[in-house]
Every structure is written in structure tokens, then in C-alpha cells.
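Not measured: the values here are computed from a predicted model.
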Amino acid sequence: MLFKKMLRDMGRHKTQFISIFLMAFLAVFIYAGVGGEWKGLQKSSDSFYRATNLADIWVYGSGFTEEQEKAVSEIEGVVQTERRLDLEASADLENKPRVTLSFVTKNDISSLYLLEGTDFDGNDTDGIWLDKRFSDARGLSVGDSISLSYNGFSFTKTIRGLIDSSEYVYMSGGDGMTPDFYENGYAYLSYQAFPVPEMLTYSTLLIKTDDSGTDWEEAVGKALNGKYSVFLLRENHPSVNMFANEVSQHRMMGDIFPVVFLAIALLTMMTTMTRIVTAQRVQIGTLKALGFKKRSIVAHYLSYGFWLSLAGSVLGAVLGPLSLPHLFYPSMSGFYTLPEWKPAFSLSFLGMAGLVVAACTLVTYIACRNLLRETPAQALRPKAPRAMRHGIIEKSRLWGRLGFNSQWNLRDASRNRVRSLMAVIGVFGCTALLVCAFGMYDGMQDLKDWQYTDINKFESKLTVKEDASEEQISSVKDKVNGELLMEGSVEIRSEKTGKKKIGALTVTDHVTLISPTDFNRNPITLPQGGVSITCKMADSLGVSEGDMISWHVYGEENWVTTKVAALYREPTSQGISLTRECFEELGFSFRPTSILSAQKMTGTYEGIAGILSTADILQSWDDLTEAMMVMVYILILAAAVLSVVVLYNLGLLSFTEMEREMATLKVMGLKTRKLRGLLLTQNLWFSVIGFALGVPGGLWLVQIMVSSSGESFDFPIRLHAANFLLSFAITFGLSVLVNRLFSKKIRKINMVEALKGAE
């Protein structure tokens with residue numbers, strides 16, 4: 001009987017119960033959906049790293065001997081070591097694509113992951129195991145031959161297998177941020193396949209360690225007597241770091257946003273059950289008088305919250321991982337390479353579902369407990385009206401100056417504080433999600449405009465080949481009226497704090513097509529005779545203008561110490577910048593990596609590997625941010641659903657609770673339009689308060705999302721006026737729309753039933 005009563009009550013109050021179901025569903029759906037996505041990525045990458053025995057440490061130098069490898073292998077805690085030669089060759093294919101060749105000795109550490117073909121053979125002098133995404137882009141397959149050239153040597157190898165590598169989960173597309181698998185690839189070969197065996201030297205030392213807390217850089221540096229140029233831990237490896245930041249950003253989204261929906265579900269449950277139990281005082285008293293045990297009645301009302309939240313939570317836990325991850329995978333698979341893309345299931349999803357069910361059930365009990373404690377005689381009597389006290393505003397002079405509309409709504413809000421709080425939190429959640437979504441969108445667009453409009457003034461960027469001669473570079477420079485630029489990587493150490501960071505190196509040769517900016521993004525001119533450092537890098541190292549830093553270029557062992565001459569702000573890469581003259585005075589050789597031109601260049605030039613136009617760079621940026629845009633769209637949709645559900649539910653609650661008052665006001669002569677205005681005014685008040693609180697809340701969410709974007713990005717956080725107004729329009733537009741849905745209900749009030757006293 002009680003079960004039938006529950007179904008009948010749910011049917012009568014279906015809107016409120018549907019909203020509870022939806023909020024519970026959305027809380028678990030987003031948590032489990034985004035969680036399934038990032039956990040799947042993490043599980044796939046961890047499995048990939050284990051399967052290929054990814055190195056824990058990479059040490060780069062000019063040539064590691066067998067004795068040096070042995071010295072490192074004898075360090076306590078070192079499990080495995082392996083030497084490898086890494087070099088960049090060009091393939092004898094259209095556009096001469098770059099292929100990074102790894103000549104390996106054992107293939108035990110950071111080993112290749114075979115997808116097609118035969119297993120790696122360390123004695124094969126003619127075979128090559130080629131990057132599958134590069135081979136697919138170029139139409140190559142197992143058994144084909146590929147010709148390569150490096151430093152004047154040309155050689156041809158037979159493709160034995162197509163592979164993935166855990167060191168190239170993310171592979172930069174050269175000058176663009178989007179991986180270009182047509183122009184860039186990698187391959188593994190046996191060290192015996194090196195074309196000139198007597199010239200073979202090993203540039204990379206791979207190390208596997210245990211989990212001890214050893215200072216590995218100090219220990220390895222001591223074993224090598226400082227004869228190395230770069231020391232890289234796994235977490236700092238470009239591919240590992242880039243992918244980890246992506247996963248971290250998605251994890252942040254999945255952990256934070258469900259809280260909003262859970263809070264709304266709990267408040268909705270509280271208000272709905274309080275109203276139902278209050279309205280069913282006589283029924284509860286009758287059940288008690290008929291002999292129903294208190295625990296049976298308690299269980300009956302607890303079942304309302306239990307079954308609804310259980311259904312929504314279970315459905316969310318199942319559908320979330322099956323649907324949401326597949327919205328992200330298409331765009332992400334264009335940037336990252338993993339053997340498999342599939343969501344992962346976790347017990348935490350069931351834990352979240354259990355938390356939602358427990359919370360909704362507990363809130364239901366809190367809403368019901370006072371009435372259920374009453375005796376049958378007390379419950380059968382109508383509830384005594386609450387003693388109302390005049391508030392501060394009612395006692396002030398301001399009260400007399402307020403109109404009927406304002407006075408009525410202030411009193412109603414003070415009498416129904418939980419419902420009022422729920423309205424404010426609902427609008428707050430909607431606004432925060434909208435502001436976060438638009439803030440992320442504006443930030444990405446702002447960053448693009450800042451980098452590619454305010455800073456970069458060039459139209460074309462010509463990438464110089466590694467083996468290009470000075471004559472070729474000079475000739476191309478004159479033809480395109482270009483400016484020379486050298487870009488690379490450096491390791492920077494603060495002399496004040498001792499902190500170390502890996503950053504970008506920019507060396508300019510009278511470059512006018514790049515305009516640096518200060519912290520406020522105003523154009524500045526960097527000093528010609530010193531080393532300048534980006535603001536974010538300076539902050540990470542704990543240095544300021546005038547402090548001393550030491551740094552060395554990747555691939556070179558000698559460190560130099562210089563003073564920080566100036567600070568400048570860079571949105572997409574952090575590091576140092578200096579002029580060619582200053583660079584050469586410090587003992588380095590200037591080697592241009594690109595030529596900038598204000599003209600849109602096409603065609604081919606000797607010594608030039610490729611030409612990247614501004615349009616290509618912008619397209620690359622749009623491709624990179626596609627996954628972020630998916631997040632934005634999800635947030636906007638979630639905000640709209642949240643707003644409609646909450647405001648409609650609150651409007652219905654308000655109308656139901658005030659039906660008697662509305663009927664009384666109609667008898668007194670107030671028109672439907674006036675009554676609708678009363679409800680609209682209250683909705684707008686709560687919308688204003690929720691919106692005012694939601695804007696900083698949304699910007700705080702953006703800050704959290706930005707903090708997980710990685711150390712390379714200096715992300716601007718701002719909300720443009722247009723999107724601020726759009727957030728305002730959506731929030732208030734939905735409020736007005738929901739209010740209009742109740743106009744028919746006001747017209748159809750049954751005056752006799754509404755005004756009939758309790759019997």
C-alpha cells in the first residue's frame with residue numbers, strides 16, 4: 001500500500017521528483033563520464049609506459065662511453081641502463097620530412113611498441129621500424145624501402161615493422177603546435193644499422209631506477225664527472241609532461257563540476273520532501289492511528305529520496321563512461337598517440353553514486369524527522385502557523401516606502417529561507433558554469449590573439465634545415481626579405497634560489513617581426529646587451545630583474561652566468577631571450593633555425609625544410625584547442641539544463657505553496673498579470689544575487705582549470721563584455737521564460753479548493 005502511495009505522490013509532484021532525478025543523474029554522469037575519460041587515458045598511458053619500459057631518466061650528451069654507462073649502472077638504485085644514438089634525418093620523400101632516428105643497443109628501455117611486421121632484431125643491419133602514423137600519412141607499409149639522409153650521408157633501409165613509441169605520445173609538429181604526421185616521424189634501428197660504424201657515438205643514456213628518494217641528478221652527474229648536457233626526469237619529458245597536463249585538466253573538470261549538481265539535488269530533495277510531508281500531516285497521523293510502525297512510515301518517506309537518487313545515480317554511472325569520453329577522443333587522438341582509446345571504469349564511480357544516494361536519503365530524513373516524531377493526535381491536527389517576527393527591514397523606515405510587490409516578496413523569502421537559498425545556489429551554479437565556459441573560451445581566443453597578432457608580426461616562417469649552409473641561408477633571407485631567428489631549449493638555474501627549470505631559448509638577429517610585451521601586454525623593446533626572461537619563468541625560479549641566473553643550451557655542456565636584464569611576458573612558451581651579438585659574446589655559435597618574413601611565401605628554397613604561414617599556425621592552434629572547446633560546450637549545456645530545472649522546480653514550489661495566497665489576491669481584485677509579476681520579481685531578485693555571486697565563482701573555476709594547463713602557458717583570465725552580457729542574458733532569459741510557464745496555472749486556480757479551510 002505504501003509503495004502505491006509513493007508512486008501516486010511522485011505522479012502528483014512529478015516535476016520536483018524529475019528534477020531530483022536529473023540533478024542526481026547529472027552529478028554522477030559528469031563525474032563518471034569525465035572520470036572514465038581521464039582514467040581511461042591514464043590507464044592506457046600507464047599500460048603503454050609499462051609495456052615499453054619507459055625510461056625514468058634521459059641524459060643527453062656528446063657521446064657516452066661504455067665505461068660511463070657502467071659507472072651509472074653501479075649507482076645504488078639504478079636498475080637498468082642503455083645507450084642510444086638519436087639524430088634527426090630527412091627522408092627522400094616529398095617535402096623532405098624530418099624523421100628522428102634512434103639507433104638502439106638493446107631495445108630494453110623505452111622499447112618500441114610493435115603494431116605490424118616482425119619483432120625488433122638487434123642484429124639487423126638493413127631494417128628499420130617506422131612510426132605508424134608517419135607511414136600511414138605517407139602511404140608506406142611493411143616491406144617498403146625508405147631512403148634517408150643525415151649530415152651528407154644517404155642510406156636506404158627496409159621497413160620491418162610499424163610501431164608506436166611511449167616517448168612520442170605527444171610529438172610536436174615542429175614550428176606548429178599540432179603534430180604534423182606527414183612532415184614529422186620517428187624510427188628505431190639497430191646500432192649495427194648505422195651507415196658509418198666507425199663514427200657511431202651514443203648521444204642518449206636511458207636509465208631505469210627504483211623508487212628510492214635519491215638525488216638522481218647529483219648521483220648521475222658525479223658518475224659522469226659532469227660530462228653531459230641535459231638531465232631529464234620522466235615527469236619533465238616533453239611528451240610525458242604534455243599528456244599529464246591534459247589528463248590533469250580533465251580530472252579537475254570531473255571533480256569540481258558535479259558538486260554543483262549534487263548540491264542542487266540535495267536542496268531540491270529538502271524542499272520537496274518538506275512540502276510533501278507537511279501537506280500529508282493528516283495522512284501520516286492516520287497511518288500512525290491505523291497501527292503502522294514508526295519505522296515503516298520513516299522507511300516509506302525515505303524511499304522517495306532513495307529510489308529516485310538511486311535510479312539517477314546508477315544511470316549516470318553507467319551512461320557517463322559510455323558516452324562522454326567519446327566526445328573528447330576524436331580531437332585528442334589527433335594530438336596524442338596511444339595503442340588504445342577506451343574509457344576506464346572505477347569503483348569511485350560507484351562510490352560517487354553511493355554518496356549521492358546516501359546524501360539524498362539523509363536529506364529526506366532530515367526533512368521528515370520532526371513531523372514523524374509527533375503522536376497520532378498531534379499529526380491529525382493542522383500544523384500551527386509559524387510565529388512570524390518582523391525583520392530589520394520591516395522595522396525600518398524603508399519598509400513604508402516599498403511597494404506591495406517588494407513587501408510581499410521580502411516576507412515570502414524570509415518565510416521560505418531554504419527555497420530562497422536553493423534559488424540563489426541554482427542561479428549561482430548556472431552562472432558559474434557559464435562564466436567558466438565563456439572564460440575558458442575568451443582566454444583561449446585572447447591567448448591566440450596575443451601570441452599571433454600582438455607579438456608575432458610575420459606572415460611566413462621558413463624552417464631552416466640542419467645541414468643548410470650559410471650561403472643558402474643568406475640567399476633565402478635576401479630573397480624573402482627575411483629576419484633570422486634561432487630557437488632551442490635551455491636549462492635555467494637561479495643563483496638566488498637554486499631552482500632549475502627547462503625553458504625555451506630565443507636568439508634574435510635584428511628581428512622586428514616579433515614584438516615582445518610587458519606584464520600588461522604593452523609592446524616593449526628588450527635590451528640589446530642582456531638576457532631577458534619571461535615573467536612566468538622568473539616567477540617559477542623566484543628571480544626578478546637584476547638577479548643572476550645560470551643556463552646552458554641543450555646539447556652543450558658549458559654553463560654561463562648572466563644577469564636578468566629585463567622581464568617580458570610570453571603566452572605560449574617560457575624561457576629566455578637575447579640578441580645574436582650577446583649570444584655570441586657569451587661564446588655560443590648562432591645557428592638560425594628559421595627565417596621570418598612579412599610576405600606570404602610559397603614554393604621551395606634550398607636549405608629550407610618547410611614554410612609555415614600564419615594561417616597554418618592559427619589552424620594548428622584551433623586544432624589544439626578543439627578538446628577544450630568540447631569542455632566549453634558541455635559546460636554551457638549543463639548550465640542551461642541546471643538553470644531550467646532549478647528555476648522551473650522553484651517556480652512550481654513557490655506557486656504550490658502560495659496557491660492560497662494567490663487565490664486570495666485574485667479575490668481582492670489583482671489581475672493575473674500582476675500575480676505573475678509577483679513571481680517574476682522574486683525570481684529576478686534571486687537571479688541577481690545568484691548572478692553576482694556566480695561571476696567570481698566562475699572566474700575562480702577558470703583559474704583552477706588554467707592552473708592545470710602546464711608551465712608553458714601564461715594563460716590570460718578574463719571575460720569579455722559580450723560574453724559577460726551573454727551569460728547575463730541566458731541566466732535572466734531562462735528566469736523570465738520559466739516564469740511565463742506559470743501564467744496558465746495562475747489563470748486556472750480553483751478558487752473554491754484553494755480557499756477552502758483545512759477540515
Side-chain angles (χ1 to χ4, degrees), residues 40-56 58 79-89 91 93 97-148 155-171 179-182 184-195 202 204 206-208 234 237-240 243 329 332-342 344:
L41 295 177
Q42 191 171 68
K43 183 178 179 181
S44 294
S45 61
D46 288 346
S47 176
F48 193 22
Y49 295 159
R50 285 194 301 271
T52 58
N53 197 29
L54 181 65
D56 295 315
W58 289 260
V79 179
Q80 286 178 287
T81 59
E82 182 176 343
R83 291 180 297 163
R84 190 176 75 189
L85 170 61
D86 294 324
L87 55 86
E88 194 171 275
L93 299 167
R98 289 176 288 190
V99 181
T100 301
L101 304 179
S102 295
F103 293 89
V104 302
T105 53
K106 307 171 189 174
N107 193 40
D108 290 337
I109 306 177
S110 294
S111 58
L112 58 84
Y113 188 90
L114 186 67
L115 299 172
E116 296 180 30
T118 59
D119 291 333
F120 181 80
D121 184 354
N123 297 314
D124 193 332
T125 59
D126 295 318
I128 185 172
W129 282 259
L130 190 62
D131 168 19
K132 188 175 190 307
R133 301 196 75 163
F134 174 79
S135 63
D136 288 345
R138 289 287 179 170
L140 300 172
S141 57
V142 175
D144 291 345
S145 296
I146 182 171
S147 297
L148 303 154
F155 48 96
T156 301
K157 302 294 181 183
T158 302
I159 300 174
R160 306 290 193 204
L162 303 180
I163 63 167
D164 283 342
S165 169
S166 54
E167 291 188 9
Y168 296 97
V169 171
Y170 171 77
M171 183 172 64
D180 188 345
F181 301 109
Y182 188 79
N184 299 275
Y186 59 86
Y188 279 51
L189 304 90
S190 166
Y191 73 99
Q192 297 190 33
F194 192 70
Y202 297 99
T204 307
L206 306 174
I207 305 172
K208 288 291 294 184
R234 181 191 284 196
H237 189 278
S239 171
V240 176
F243 190 73
Y329 288 162
M332 292 189 66
S333 60
F335 288 87
Y336 303 105
T337 301
L338 291 172
E340 61 179 6
W341 293 85
K342 63 180 183 181

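The closest donor-acceptor contact from the side chain of Ser190 to the backbone of Gly122 lies under 3.5 Å. Using a distance-only test at 3.5 Å, with no hydrogens or angles considered, a donor-acceptor pair links the side chain of Thr105 to the main chain of Arg83. Looking at Lys106, its side chain never comes within 3.5 Å of a backbone N or O of Ser111 through a donor-acceptor pair. Between the side chain of Trp129 and the main chain of Thr118, a donor-acceptor pair closer than 3.5 Å is present. Under the 3.5 Å distance criterion, the side-chain polar atoms of Glu82 are left unmatched by any main-chain donor or acceptor of Ile207. Distance alone, capped at 3.5 Å, is enough to place a donor-acceptor pair between the Ser239 side chain and the Tyr170 backbone.
Taking the six-membered ring for Trp and thresholds of 30 and 60 degrees, Phe243 and Tyr336 have ring planes more than 60 degrees apart, a perpendicular arrangement.
Judged purely by distance below 3.5 Å, without hydrogens or angles, the side chains of Tyr188 and Ser165 pair a donor atom with an acceptor atom. Residues Ser110 and Glu167 have side chains that bring a donor and an acceptor to within less than 3.5 angstrom of each other.
Side chains of Asn184 and Asp131 form no contact here, defined as non-hydrogen atoms less than 4.5 Å apart. Contact annotation: the side chain of Asn53 approaches that of Gln80 to within less than 4.5 Å [non-hydrogen atoms, C-beta and beyond].
Here Arg50 does not pair with Asp46 in a salt bridge; the nearest charged N to carboxylate O distance is not below 4.0 Å. Between Asp124 and Arg160 there is a salt bridge, since at least one side-chain N of the basic residue sits less than 4.0 Å from a carboxylate O of the acidic one. A salt bridge links Asp86 to Arg84: one of the charged nitrogens lies within less than 4.0 Å of a carboxylate oxygen.
Considering every non-hydrogen atom in both Ala137 and Tyr182, the closest pair reads O-CD1, 3.5 Å.
Remark: aromatic rings of Phe103 and Tyr191 are distant, center separation not under 6.0 Å.
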